[in-house]
Amino acid sequence: MDKLQSLRGMVDLLPEHTPLWQWLEARARLHFRRAGVSEIRTPLLEVTELFARGIGEATDVVGKEMYSFLDRGERSCTLRPEGTASVVRAALQHGLLSQGPQRLWYGGPMFRYERPQAGRQRQFHQIGLEMLGFADARSDVEAIAIAWDLLADLGVQGLALELNSLGTSADRANYRQQLVDFLQVHRELLDADGQDRLERNPLRILDSKHPATQALLVEAPSLLNCLAPESRERFEQVQAGLTALQIPFQLNPRLVRGLDYYSHTAFEITSDQLGAQATVCGGGRYDGLVQQLGGPATAAIGWALGMERLVLLLAQGDAAANDLAAAVPDLYVVNRGAAAELAALRLARELRAAGLVVELDASGAAFKKQFQRADRSGARWAAVLGDSELERGLVRLKPLRQQRPGAAAGGEGADGEAVDGGGLGGKGLGGEAELRLDDLVALLARVGSA
RNA sequence: GCGGGCGUCGCCAAGCGGUUAAGGCAGCGGCUUGUGGUGCCGCCAUCCGGGGGUUCGAAUCCCCUCGCUCGCCCCA
(Lines give C-alpha, C1' and ligand atoms only; values in the text may rest on other atoms or scores of the structure.)
Protein backbone atom coordinates (compact mmCIF):
# COMPACT_ATOMS: atom_id res chain seq x y z
CA MET A 1 0.00 0.00 0.00
CA ASP A 2 1.18 3.51 -0.62
CA LYS A 3 -0.07 5.19 2.48
CA LEU A 4 1.81 8.32 3.33
CA GLN A 5 4.22 7.67 6.12
CA SER A 6 7.20 9.22 7.75
CA LEU A 7 10.63 8.81 6.21
CA ARG A 8 12.74 5.94 7.43
CA GLY A 9 14.36 6.72 10.74
CA MET A 10 12.17 9.78 11.28
CA VAL A 11 10.02 9.18 14.31
CA ASP A 12 6.81 10.80 15.52
CA LEU A 13 6.52 11.60 19.18
CA LEU A 14 2.91 10.90 20.03
CA PRO A 15 0.95 12.74 22.73
CA GLU A 16 1.36 9.91 25.22
CA HIS A 17 5.13 10.39 25.12
CA THR A 18 5.54 14.13 25.04
CA PRO A 19 5.00 14.65 28.78
CA LEU A 20 8.11 12.61 29.55
CA TRP A 21 10.12 14.59 27.05
CA GLN A 22 8.86 17.87 28.42
CA TRP A 23 9.77 16.80 31.92
CA LEU A 24 13.21 15.74 30.79
CA GLU A 25 13.82 18.99 29.00
CA ALA A 26 12.63 20.95 31.99
CA ARG A 27 15.02 19.13 34.31
CA ALA A 28 17.89 19.72 31.93
CA ARG A 29 17.05 23.39 31.67
CA LEU A 30 16.99 23.65 35.43
CA HIS A 31 20.40 22.03 35.79
CA PHE A 32 21.95 24.29 33.18
CA ARG A 33 20.40 27.32 34.76
CA ARG A 34 21.79 26.42 38.15
CA ALA A 35 25.21 25.91 36.61
CA GLY A 36 25.15 29.27 34.92
CA VAL A 37 24.92 27.81 31.45
CA SER A 38 23.00 29.78 28.82
CA GLU A 39 21.02 28.35 25.98
CA ILE A 40 22.02 28.90 22.38
CA ARG A 41 19.91 27.94 19.39
CA THR A 42 21.51 27.50 16.04
CA PRO A 43 20.03 26.58 12.65
CA LEU A 44 19.40 22.99 11.71
CA LEU A 45 20.91 23.65 8.32
CA GLU A 46 24.52 24.72 7.81
CA VAL A 47 26.97 24.89 4.95
CA THR A 48 28.45 21.46 4.44
CA GLU A 49 31.96 22.77 4.84
CA LEU A 50 31.38 23.54 8.50
CA PHE A 51 31.05 19.87 9.34
CA ALA A 52 33.66 18.70 6.87
CA ARG A 53 36.21 21.00 8.48
CA GLY A 54 34.96 20.72 12.03
CA ILE A 55 34.25 17.05 12.45
CA GLY A 56 36.85 15.73 10.02
CA GLU A 57 36.67 14.50 6.46
CA ALA A 58 37.85 11.03 7.42
CA THR A 59 35.11 10.37 9.95
CA ASP A 60 32.11 8.18 9.19
CA VAL A 61 29.76 10.92 10.21
CA VAL A 62 31.07 13.21 7.51
CA GLY A 63 32.04 10.54 5.04
CA LYS A 64 28.81 8.64 4.77
CA GLU A 65 26.16 9.80 7.19
CA MET A 66 25.38 13.38 6.33
CA TYR A 67 22.11 14.66 4.93
CA SER A 68 23.61 16.95 2.32
CA PHE A 69 22.01 18.55 -0.70
CA LEU A 70 22.28 21.55 -2.95
CA ASP A 71 19.85 24.34 -2.27
CA ARG A 72 18.33 26.52 -4.95
CA GLY A 73 21.41 28.66 -4.96
CA GLU A 74 23.59 25.61 -5.62
CA ARG A 75 25.18 25.80 -2.18
CA SER A 76 25.96 22.53 -0.51
CA CYS A 77 23.91 22.42 2.68
CA THR A 78 23.81 19.82 5.43
CA LEU A 79 21.31 19.03 8.13
CA ARG A 80 23.43 19.17 11.28
CA PRO A 81 24.71 15.77 12.38
CA GLU A 82 25.81 17.14 15.77
CA GLY A 83 25.78 20.38 17.68
CA THR A 84 29.30 21.37 18.55
CA ALA A 85 30.45 22.66 15.16
CA SER A 86 27.40 24.91 14.87
CA VAL A 87 27.82 26.30 18.36
CA VAL A 88 31.45 27.14 17.73
CA ARG A 89 30.55 28.68 14.38
CA ALA A 90 27.88 30.84 15.99
CA ALA A 91 30.18 31.90 18.81
CA LEU A 92 32.79 32.98 16.29
CA GLN A 93 30.34 34.65 13.96
CA HIS A 94 28.95 36.82 16.74
CA GLY A 95 32.16 37.48 18.58
CA LEU A 96 31.00 35.73 21.73
CA LEU A 97 34.51 34.65 22.60
CA SER A 98 35.76 38.20 22.82
CA GLN A 99 33.32 38.64 25.69
CA GLY A 100 35.07 35.99 27.71
CA PRO A 101 34.56 32.27 28.24
CA GLN A 102 31.16 30.93 27.24
CA ARG A 103 29.09 28.28 28.95
CA LEU A 104 26.46 27.26 26.44
CA TRP A 105 23.91 24.54 26.06
CA TYR A 106 21.77 23.52 23.13
CA GLY A 107 19.12 20.97 22.35
CA GLY A 108 17.24 19.71 19.38
CA PRO A 109 17.19 17.38 16.43
CA MET A 110 20.29 16.05 14.71
CA PHE A 111 20.40 14.09 11.48
CA ARG A 112 22.52 11.16 10.49
CA TYR A 113 21.82 8.90 7.53
CA GLU A 114 22.21 5.49 9.19
CA ARG A 115 20.25 2.28 9.40
CA PRO A 116 17.88 2.73 12.31
CA GLN A 117 18.00 0.35 15.23
CA ALA A 118 17.36 0.39 18.94
CA GLY A 119 18.54 3.74 20.29
CA ARG A 120 19.38 5.02 16.84
CA GLN A 121 17.29 7.07 14.46
CA ARG A 122 18.05 9.23 11.46
CA GLN A 123 16.52 12.18 13.16
CA PHE A 124 17.43 12.03 16.80
CA HIS A 125 17.70 14.54 19.59
CA GLN A 126 20.55 15.71 21.69
CA ILE A 127 21.05 18.04 24.57
CA GLY A 128 24.58 19.26 24.80
CA LEU A 129 26.91 21.45 26.79
CA GLU A 130 29.80 23.45 25.34
CA MET A 131 32.24 25.33 27.52
CA LEU A 132 34.32 27.54 25.27
CA GLY A 133 37.45 29.23 26.59
CA PHE A 134 38.00 26.88 29.50
CA ALA A 135 41.41 25.23 29.68
CA ASP A 136 41.80 24.18 33.28
CA ALA A 137 41.34 20.55 34.27
CA ARG A 138 38.67 21.69 36.66
CA SER A 139 36.45 22.63 33.73
CA ASP A 140 36.63 19.02 32.55
CA VAL A 141 35.49 17.93 35.97
CA GLU A 142 32.73 20.50 36.07
CA ALA A 143 31.44 19.57 32.64
CA ILE A 144 31.34 15.90 33.52
CA ALA A 145 29.74 16.63 36.86
CA ILE A 146 26.93 18.57 35.23
CA ALA A 147 26.12 15.60 33.02
CA TRP A 148 26.46 13.12 35.83
CA ASP A 149 24.27 15.08 38.21
CA LEU A 150 21.58 15.62 35.62
CA LEU A 151 21.45 11.92 34.86
CA ALA A 152 21.36 11.06 38.54
CA ASP A 153 18.62 13.59 39.18
CA LEU A 154 16.54 12.05 36.40
CA GLY A 155 16.72 8.79 38.27
CA VAL A 156 18.70 6.86 35.69
CA GLN A 157 20.22 3.79 37.29
CA GLY A 158 23.25 1.70 36.47
CA LEU A 159 25.36 4.21 34.66
CA ALA A 160 29.11 3.98 34.26
CA LEU A 161 31.52 6.75 33.45
CA GLU A 162 34.42 5.77 31.25
CA LEU A 163 37.35 8.05 30.98
CA ASN A 164 40.42 8.40 28.83
CA SER A 165 42.91 10.98 27.74
CA LEU A 166 43.84 11.41 24.11
CA GLY A 167 46.57 13.84 25.04
CA THR A 168 47.79 16.52 22.68
CA SER A 169 48.02 16.05 18.97
CA ALA A 170 51.74 15.42 19.45
CA ASP A 171 50.98 12.73 22.01
CA ARG A 172 48.59 11.14 19.61
CA ALA A 173 51.01 11.25 16.70
CA ASN A 174 53.56 9.58 18.89
CA TYR A 175 51.15 6.90 20.00
CA ARG A 176 49.77 6.45 16.55
CA GLN A 177 53.22 5.48 15.33
CA GLN A 178 53.68 2.96 18.11
CA LEU A 179 50.28 1.48 17.51
CA VAL A 180 50.81 1.18 13.78
CA ASP A 181 54.22 -0.42 14.33
CA PHE A 182 52.64 -2.95 16.64
CA LEU A 183 49.63 -3.71 14.48
CA GLN A 184 51.69 -3.92 11.29
CA VAL A 185 53.36 -6.99 12.70
CA HIS A 186 50.02 -8.67 13.33
CA ARG A 187 48.30 -7.26 10.30
CA GLU A 188 46.77 -10.55 9.23
CA LEU A 189 44.88 -10.83 12.51
CA LEU A 190 42.87 -7.73 11.76
CA ASP A 191 39.59 -7.90 9.90
CA ALA A 192 39.26 -6.12 6.57
CA ASP A 193 37.90 -3.04 8.22
CA GLY A 194 40.78 -2.91 10.67
CA GLN A 195 43.38 -3.31 7.96
CA ASP A 196 41.79 -0.48 6.09
CA ARG A 197 41.89 1.74 9.14
CA LEU A 198 45.50 0.94 9.75
CA GLU A 199 46.29 3.42 7.04
CA ARG A 200 43.44 5.86 7.35
CA ASN A 201 42.65 6.17 11.03
CA PRO A 202 44.54 3.67 13.19
CA LEU A 203 43.27 4.95 16.54
CA ARG A 204 39.78 3.90 15.62
CA ILE A 205 40.89 0.28 15.63
CA LEU A 206 40.99 0.58 19.40
CA ASP A 207 37.27 0.47 19.88
CA SER A 208 36.67 -2.32 17.40
CA LYS A 209 34.34 -5.05 18.61
CA HIS A 210 35.94 -7.65 16.38
CA PRO A 211 36.97 -10.52 18.71
CA ALA A 212 40.38 -11.24 17.17
CA THR A 213 41.15 -7.55 17.14
CA GLN A 214 40.10 -7.26 20.75
CA ALA A 215 42.41 -10.08 21.69
CA LEU A 216 45.26 -8.52 19.82
CA LEU A 217 44.73 -5.17 21.47
CA VAL A 218 45.35 -6.61 24.89
CA GLU A 219 49.00 -6.74 23.93
CA ALA A 220 49.02 -3.39 22.18
CA PRO A 221 50.82 -0.37 23.57
CA SER A 222 48.62 1.88 25.68
CA LEU A 223 47.80 5.41 24.75
CA LEU A 224 48.20 6.48 28.35
CA ASN A 225 51.86 5.49 28.30
CA CYS A 226 52.50 7.86 25.42
CA LEU A 227 51.21 10.94 27.12
CA ALA A 228 53.72 13.70 27.69
CA PRO A 229 54.29 14.50 31.37
CA GLU A 230 52.09 17.61 31.19
CA SER A 231 49.27 15.69 29.54
CA ARG A 232 49.60 12.98 32.11
CA GLU A 233 49.52 15.43 34.95
CA ARG A 234 46.51 17.14 33.51
CA PHE A 235 44.70 13.84 33.25
CA GLU A 236 45.53 13.05 36.85
CA GLN A 237 44.04 16.35 37.92
CA VAL A 238 40.83 15.49 36.16
CA GLN A 239 40.73 12.14 37.92
CA ALA A 240 41.47 13.73 41.26
CA GLY A 241 38.65 16.19 40.71
CA LEU A 242 36.16 13.46 39.93
CA THR A 243 37.28 11.52 42.95
CA ALA A 244 36.83 14.59 45.11
CA LEU A 245 33.28 14.89 43.84
CA GLN A 246 32.74 11.18 44.46
CA ILE A 247 31.89 10.55 40.86
CA PRO A 248 32.97 6.99 40.10
CA PHE A 249 34.78 6.34 36.86
CA GLN A 250 36.74 3.67 35.07
CA LEU A 251 39.77 4.31 32.95
CA ASN A 252 39.35 2.99 29.46
CA PRO A 253 42.50 3.43 27.38
CA ARG A 254 40.60 2.15 24.34
CA LEU A 255 38.07 4.91 24.44
CA VAL A 256 38.61 6.99 21.34
CA ARG A 257 35.89 9.22 20.06
CA GLY A 258 34.73 9.14 16.49
CA LEU A 259 35.02 12.81 15.75
CA ASP A 260 38.42 14.23 14.96
CA TYR A 261 38.28 17.30 17.12
CA TYR A 262 38.77 15.65 20.49
CA SER A 263 41.95 15.97 22.57
CA HIS A 264 42.93 15.25 26.17
CA THR A 265 39.89 14.22 28.17
CA ALA A 266 37.42 11.94 26.43
CA PHE A 267 34.54 10.30 28.24
CA GLU A 268 31.38 8.35 27.79
CA ILE A 269 28.55 7.62 30.15
CA THR A 270 27.10 4.24 29.30
CA SER A 271 24.34 1.93 30.43
CA ASP A 272 24.20 -1.81 30.08
CA GLN A 273 20.44 -1.54 29.61
CA LEU A 274 20.55 -0.10 26.14
CA GLY A 275 21.56 -3.02 23.94
CA ALA A 276 24.01 -2.20 21.23
CA GLN A 277 23.85 1.56 21.64
CA ALA A 278 25.16 1.80 25.17
CA THR A 279 26.36 5.38 25.20
CA VAL A 280 23.94 7.84 26.72
CA CYS A 281 26.32 10.75 26.90
CA GLY A 282 29.65 11.31 25.25
CA GLY A 283 32.05 14.16 25.10
CA GLY A 284 35.47 15.49 25.71
CA ARG A 285 37.88 18.28 25.21
CA TYR A 286 38.36 19.89 21.81
CA ASP A 287 41.05 22.49 22.20
CA GLY A 288 41.81 22.66 18.51
CA LEU A 289 38.36 23.05 17.03
CA VAL A 290 37.81 26.77 17.42
CA GLN A 291 41.04 27.53 15.70
CA GLN A 292 40.34 25.00 13.02
CA LEU A 293 37.13 26.83 12.24
CA GLY A 294 38.99 30.11 11.88
CA GLY A 295 38.88 31.46 15.41
CA PRO A 296 41.48 32.22 18.00
CA ALA A 297 43.19 29.38 19.84
CA THR A 298 40.53 28.49 22.39
CA ALA A 299 40.39 25.60 24.79
CA ALA A 300 37.01 23.99 25.12
CA ILE A 301 35.17 21.00 26.48
CA GLY A 302 31.68 19.69 25.92
CA TRP A 303 29.36 16.75 25.73
CA ALA A 304 26.16 15.63 24.14
CA LEU A 305 23.45 13.48 25.54
CA GLY A 306 21.21 11.28 23.40
CA MET A 307 17.61 12.00 24.30
CA GLU A 308 16.10 8.89 22.75
CA ARG A 309 18.50 6.69 24.66
CA LEU A 310 17.74 8.56 27.83
CA VAL A 311 14.03 8.09 27.27
CA LEU A 312 14.65 4.40 26.70
CA LEU A 313 16.33 4.18 30.10
CA LEU A 314 13.71 6.25 31.84
CA ALA A 315 10.93 4.13 30.38
CA GLN A 316 12.50 1.02 31.89
CA GLY A 317 12.51 2.29 35.42
CA ASP A 318 9.11 3.57 36.45
CA ALA A 319 10.64 6.30 38.53
CA ALA A 320 9.75 9.17 36.27
CA ALA A 321 6.71 7.81 34.55
CA ASN A 322 4.16 8.17 37.31
CA ASP A 323 3.54 11.83 37.80
CA LEU A 324 3.70 12.56 34.11
CA ALA A 325 0.11 12.17 33.06
CA ALA A 326 -1.11 14.65 30.52
CA ALA A 327 -3.19 17.52 31.83
CA VAL A 328 -6.57 16.31 33.02
CA PRO A 329 -9.40 18.82 32.76
CA ASP A 330 -10.73 20.31 35.94
CA LEU A 331 -14.07 20.61 34.29
CA TYR A 332 -15.85 19.25 31.25
CA VAL A 333 -18.59 21.37 29.76
CA VAL A 334 -21.58 19.33 28.64
CA ASN A 335 -23.87 21.42 26.46
CA ARG A 336 -26.73 21.08 24.03
CA GLY A 337 -29.10 23.44 22.28
CA ALA A 338 -28.38 26.34 19.97
CA ALA A 339 -28.34 29.09 22.56
CA ALA A 340 -26.79 26.97 25.28
CA GLU A 341 -23.97 25.89 23.04
CA LEU A 342 -23.00 29.46 22.46
CA ALA A 343 -23.21 30.21 26.16
CA ALA A 344 -21.06 27.15 26.86
CA LEU A 345 -18.41 28.41 24.52
CA ARG A 346 -18.35 31.63 26.46
CA LEU A 347 -18.34 29.85 29.80
CA ALA A 348 -15.39 27.69 28.80
CA ARG A 349 -13.44 30.72 27.77
CA GLU A 350 -14.08 32.53 31.04
CA LEU A 351 -13.16 29.51 33.11
CA ARG A 352 -9.94 29.09 31.19
CA ALA A 353 -9.13 32.73 31.68
CA ALA A 354 -9.61 32.08 35.39
CA GLY A 355 -6.91 29.44 35.19
CA LEU A 356 -8.89 26.23 34.98
CA VAL A 357 -8.30 23.39 32.60
CA VAL A 358 -11.54 23.15 30.71
CA GLU A 359 -12.65 20.79 28.00
CA LEU A 360 -15.65 21.85 25.99
CA ASP A 361 -17.77 19.26 24.28
CA ALA A 362 -18.22 20.57 20.79
CA SER A 363 -19.95 17.56 19.34
CA GLY A 364 -23.59 18.49 19.79
CA ALA A 365 -24.16 14.85 20.62
CA ALA A 366 -26.78 13.49 22.97
CA PHE A 367 -26.28 14.22 26.65
CA LYS A 368 -25.52 10.62 27.37
CA LYS A 369 -22.70 10.65 24.86
CA GLN A 370 -21.34 13.83 26.25
CA PHE A 371 -21.34 12.46 29.76
CA GLN A 372 -19.49 9.40 28.61
CA ARG A 373 -16.83 11.59 27.14
CA ALA A 374 -16.82 13.77 30.22
CA ASP A 375 -16.20 10.74 32.33
CA ARG A 376 -13.40 9.45 30.14
CA SER A 377 -11.72 12.81 30.03
CA GLY A 378 -10.93 12.31 33.70
CA ALA A 379 -12.42 15.69 34.58
CA ARG A 380 -13.44 16.21 38.18
CA TRP A 381 -16.59 18.11 37.34
CA ALA A 382 -19.10 18.31 34.58
CA ALA A 383 -20.75 21.64 34.01
CA VAL A 384 -24.07 21.00 32.34
CA LEU A 385 -25.51 23.76 30.26
CA GLY A 386 -28.67 23.17 28.23
CA ASP A 387 -31.41 25.48 27.10
CA SER A 388 -33.44 25.02 30.26
CA GLU A 389 -30.48 25.92 32.46
CA LEU A 390 -29.78 28.85 30.25
CA GLU A 391 -33.32 30.14 30.57
CA ARG A 392 -32.89 30.29 34.32
CA GLY A 393 -29.35 31.62 34.09
CA LEU A 394 -28.00 28.54 35.79
CA VAL A 395 -25.43 25.91 35.19
CA ARG A 396 -25.63 22.51 36.77
CA LEU A 397 -22.46 21.23 38.32
CA LYS A 398 -21.97 17.52 38.66
CA PRO A 399 -19.10 15.78 40.42
CA LEU A 400 -17.72 13.05 38.19
CA ARG A 401 -15.09 11.50 40.39
CA GLN A 402 -17.18 10.57 43.37
CA GLN A 403 -16.93 6.97 44.25
CA ARG A 404 -20.08 5.07 43.47
CA PRO A 405 -20.66 1.51 44.51
CA GLY A 406 -19.57 -0.91 41.84
CA ALA A 407 -18.07 1.76 39.67
CA ALA A 408 -14.47 1.28 40.59
CA ALA A 409 -13.74 -2.03 38.90
CA GLY A 410 -12.82 -2.37 35.28
CA GLY A 411 -11.85 1.24 35.04
CA GLU A 412 -9.68 2.26 32.16
CA GLY A 413 -7.36 5.14 31.70
CA ALA A 414 -6.64 7.58 34.44
CA ASP A 415 -8.42 6.12 37.40
CA GLY A 416 -6.50 5.77 40.63
CA GLU A 417 -7.25 8.67 42.84
CA ALA A 418 -10.95 8.68 43.49
CA VAL A 419 -11.38 12.31 44.24
CA ASP A 420 -14.08 13.20 46.69
CA GLY A 421 -15.97 16.41 46.79
CA GLY A 422 -12.67 18.22 46.58
CA GLY A 423 -12.42 21.89 47.31
CA LEU A 424 -16.00 22.53 46.35
CA GLY A 425 -17.33 20.04 48.86
CA GLY A 426 -15.59 21.94 51.57
CA LYS A 427 -17.53 24.98 50.56
CA GLY A 428 -20.81 23.33 51.30
CA LEU A 429 -21.57 21.87 47.90
CA GLY A 430 -21.78 18.14 48.36
CA GLY A 431 -22.78 16.36 45.18
CA GLU A 432 -24.72 17.97 42.42
CA ALA A 433 -25.61 21.60 42.53
CA GLU A 434 -27.06 24.36 40.48
CA LEU A 435 -25.22 27.62 40.35
CA ARG A 436 -25.67 30.94 38.72
CA LEU A 437 -23.31 31.21 35.80
CA ASP A 438 -21.43 34.12 37.29
CA ASP A 439 -21.08 32.41 40.63
CA LEU A 440 -19.60 29.36 39.03
CA VAL A 441 -16.93 31.35 37.35
CA ALA A 442 -16.11 33.16 40.54
CA LEU A 443 -16.14 30.04 42.66
CA LEU A 444 -14.04 27.93 40.40
CA ALA A 445 -11.59 30.72 39.94
CA ARG A 446 -11.03 30.63 43.67
CA VAL A 447 -10.72 26.87 43.78
CA GLY A 448 -8.44 26.84 40.77
CA SER A 449 -6.02 29.25 42.31
CA ALA A 450 -6.04 27.59 45.71
C1' G B 1 26.36 -0.93 2.68
C1' C B 2 25.93 -6.21 4.97
C1' G B 3 23.33 -10.06 8.13
C1' G B 4 18.85 -12.14 11.33
C1' G B 5 13.44 -11.71 12.66
C1' C B 6 8.63 -9.88 11.30
C1' G B 7 4.34 -7.65 8.22
C1' U B 8 -4.03 -9.90 9.13
C1' C B 9 -9.17 -3.44 10.83
C1' G B 10 -6.82 2.84 14.55
C1' C B 11 -4.48 -0.77 18.67
C1' C B 12 -3.90 -6.03 20.42
C1' A B 13 -4.73 -10.65 18.08
C1' A B 14 -6.75 -15.83 16.03
C1' G B 15 -6.11 -18.31 11.51
C1' C B 16 -0.91 -22.47 9.16
C1' G B 17 -4.15 -24.65 1.35
C1' G B 18 -11.24 -24.84 0.90
C1' U B 19 -13.93 -20.17 7.15
C1' U B 20 -19.28 -15.34 5.20
C1' A B 21 -11.19 -13.72 7.52
C1' A B 22 -12.51 -15.39 15.06
C1' G B 23 -12.19 -12.41 19.39
C1' G B 24 -10.82 -8.14 22.58
C1' C B 25 -9.98 -2.69 23.04
C1' A B 26 -11.20 1.89 20.87
C1' G B 27 -15.12 4.16 17.68
C1' C B 28 -20.30 4.79 16.03
C1' G B 29 -25.76 3.89 16.65
C1' G B 30 -29.72 1.98 19.78
C1' C B 31 -32.39 0.01 24.35
C1' U B 32 -33.23 5.12 27.75
C1' U B 33 -36.74 11.64 22.08
C1' G B 34 -32.35 16.19 28.59
C1' U B 35 -28.16 13.35 31.70
C1' G B 36 -22.27 9.70 32.91
C1' G B 37 -19.19 5.37 34.25
C1' U B 38 -22.61 -1.14 34.46
C1' G B 39 -25.58 -4.24 31.19
C1' C B 40 -27.73 -5.72 26.55
C1' C B 41 -28.37 -5.25 21.00
C1' G B 42 -26.52 -3.64 16.33
C1' C B 43 -22.58 -1.46 12.92
C1' C B 44 -17.27 -1.32 12.04
C1' A B 45 -11.15 -5.84 6.86
C1' U B 46 -15.02 -8.40 -0.36
C1' C B 47 -9.81 -8.39 2.47
C1' C B 48 -4.80 -10.35 4.90
C1' G B 49 2.09 -4.47 3.09
C1' G B 50 2.55 -4.50 -2.62
C1' G B 51 3.37 -7.34 -7.29
C1' G B 52 3.90 -11.92 -9.77
C1' G B 53 3.61 -17.39 -9.64
C1' U B 54 1.94 -22.61 -8.07
C1' U B 55 -3.11 -24.69 -7.42
C1' C B 56 -9.77 -26.52 -9.15
C1' G B 57 -8.95 -23.29 -4.78
C1' A B 58 -3.96 -19.11 -1.00
C1' A B 59 -4.01 -14.63 4.34
C1' U B 60 -1.99 -19.54 4.49
C1' C B 61 3.22 -22.53 -0.43
C1' C B 62 7.24 -20.14 -3.92
C1' C B 63 9.71 -15.71 -6.10
C1' C B 64 10.42 -10.46 -6.25
C1' U B 65 9.59 -5.89 -3.90
C1' C B 66 8.44 -2.38 -0.06
C1' G B 67 8.19 -1.43 5.04
C1' C B 68 9.17 -2.32 10.23
C1' U B 69 12.56 -4.34 13.70
C1' C B 70 17.20 -6.24 15.87
C1' G B 71 22.46 -6.70 15.03
C1' C B 72 27.32 -5.32 12.25
C1' C B 73 29.67 -0.69 10.95
C1' C B 74 29.59 4.11 13.46
C1' C B 75 27.90 7.24 17.18
C1' A B 76 24.51 10.37 21.36
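In what follows, every heavy atom counts, from backbone to side chain, and hydrogens, waters and symmetry copies are set aside.
Heavy atoms of other residues, nucleotides or ligands lying less than 6.0 angstrom from CZ of F182(A) number more than 12.
The only member of R373(A), R336(A), K369(A) that meets side chain to side chain donor-acceptor pair (under 3.5 Å) when paired with S363(A) is R373(A). Partner of P253(A) under the side-chain contact (heavy atoms from CB on, under 4.5 Å) criterion, out of L206(A), L224(A), L217(A): L224(A) alone.
Both distances falling under 3.5 Å, in either a Watson-Crick or a G-U wobble arrangement, occur for no nucleotide opposite C44(B). The base-pairing partner of C68(B), taking Watson-Crick or G-U wobble contacts with both distances under 3.5 Å, is G5(B). Both distances falling under 3.5 Å, in either a Watson-Crick or a G-U wobble arrangement, place G18(B) opposite C56(B). Searching all strands for a Watson-Crick or G-U wobble partner of C25(B) with both distances below 3.5 Å returns G10(B).
When the C1' atom is compared between G27(B) and U19(B), the two are found 27 Å apart, to the nearest whole Å. C25(B) and C72(B) are spaced 41 Å apart, taking the P atom of each and rounding to whole Å. The same atom, P, is picked in G10(B) and in C6(B); the two are 23 Å apart, to the nearest Å. Spacing of C1' atoms, U8(B) relative to C2(B), comes out at 30 Å, to the nearest Å. Rounded to whole Å, the C1' atom of A26(B) lies 25 Å from the corresponding atom of G67(B). Here, U69(B) and C62(B) have their P atoms 25 Å apart, quoted to the whole Å. Rounded to whole Å, the separation between the P atoms of G23(B) and U46(B) comes to 16 Å. For the P atom pair drawn from G30(B) and C66(B), the interatomic distance equals 48 Å after rounding to whole Å.
Distance R376(A) CZ to G37(B) P: 9 Å, rounded to the nearest Å. Note: OH (Y332(A)) to C1' (G37(B)) measures 14 Å, nearest angstrom. Counting to the nearest Å, the P atom of C11(B) and the CG atom of L14(A) are 11 Å from each other. Atom CG in L313(A) sits roughly 12 Å away from atom C1' in A76(B) (whole-Å rounding). Remark: C1' of A76(B) and CE of M307(A) are 11 Å apart, rounded to the nearest angstrom. Distance CG (L400(A)) to P (U38(B)): 14 Å, rounded to an integer number of Å. Atom-to-atom, CG of L24(A) to P of A76(B) comes out at 18 Å; the value is rounded to the nearest Å. Rounded to a whole Å, the CD atom of Q372(A) is 10 Å from the P atom of A26(B).
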How does each nucleotide of nucleotides 68-73 of chain B score, in 5' to 3' order, for protein heavy atoms under 4.0 Å: base (B), sugar-phosphate only (S), or none (-)? SBBBBB

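With hydrogens and angles left out, the side-chain atoms of R254(A) and S222(A) include no donor and acceptor closer than 3.5 Å. Neither side chain, S76(A) nor E49(A), offers a donor N or O lying under 3.5 Å from an acceptor on the other. A donor-acceptor contact closer than 3.5 angstrom links the side chains of T279(A) and E268(A).
For R34(A), the side-chain hydrogen bond (donor to acceptor under 3.5 Å, both in side chains) test picks out no residue, with sequence neighbours left out. With sequence neighbours left out, Y332(A) forms a ring pair (Phe, Tyr, Trp, His ring centres under 6.0 Å) with no residue at all.
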Using the salt bridge (charged side-chain N to carboxylate O under 4.0 Å, His left out) rule, take R41(A) and E39(A) through it: C-alpha gap first, then chi angles, then the decisive distance, then the call. CA-CA 7 Å; R41(A) 302 192 187 188; E39(A) 183 182 7; 2.8 Å; yes

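Counting only residues at least two apart or on different chains, the salt bridge (Lys or Arg N to Asp or Glu O under 4.0 Å) pairs with a member in residues 153-162 of chain A are R27(A)-D153(A).
Of all the residues in residues 126-133 of chain A, Q126(A) reach under 4.0 Å from RNA chain B with at least one non-hydrogen atom.
The residue A304(A) sits close only to the backbone: its heavy atoms come under 4.0 Å of sugar-phosphate atoms, none of a base.
How far CG of L129(A) is from CD1 of I301(A): 8.5 Å, rounded to the nearest 0.5 Å. For the atom pair CD (E65(A)) and CZ (F111(A)), the distance works out to 14.5 Å, reported to the nearest 0.5 Å.
Using a 4.0 Å cut-off between a side-chain N of Lys or Arg and a carboxylate O of Asp or Glu, E46(A) and R80(A) do not qualify as a salt bridge.
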Shorter than 3.5 Å, N or O on both sides, protein versus nucleotides 29-34 of chain B: list them out with atom names.
residue: C31(B); atom: N4; partner: K368(A); partner atom: NZ; Å: 3.3
residue: G34(B); atom: O6; partner: D387(A); partner atom: N; Å: 3.3
residue: G34(B); atom: O6; partner: S388(A); partner atom: N; Å: 2.6
residue: G34(B); atom: O6; partner: S388(A); partner atom: OG; Å: 3.0
residue: G34(B); atom: N1; partner: S388(A); partner atom: OG; Å: 3.0
residue: G34(B); atom: N1; partner: E389(A); partner atom: OE1; Å: 2.9
residue: G34(B); atom: N2; partner: E389(A); partner atom: OE1; Å: 3.1
residue: G34(B); atom: N2; partner: E389(A); partner atom: OE2; Å: 2.5

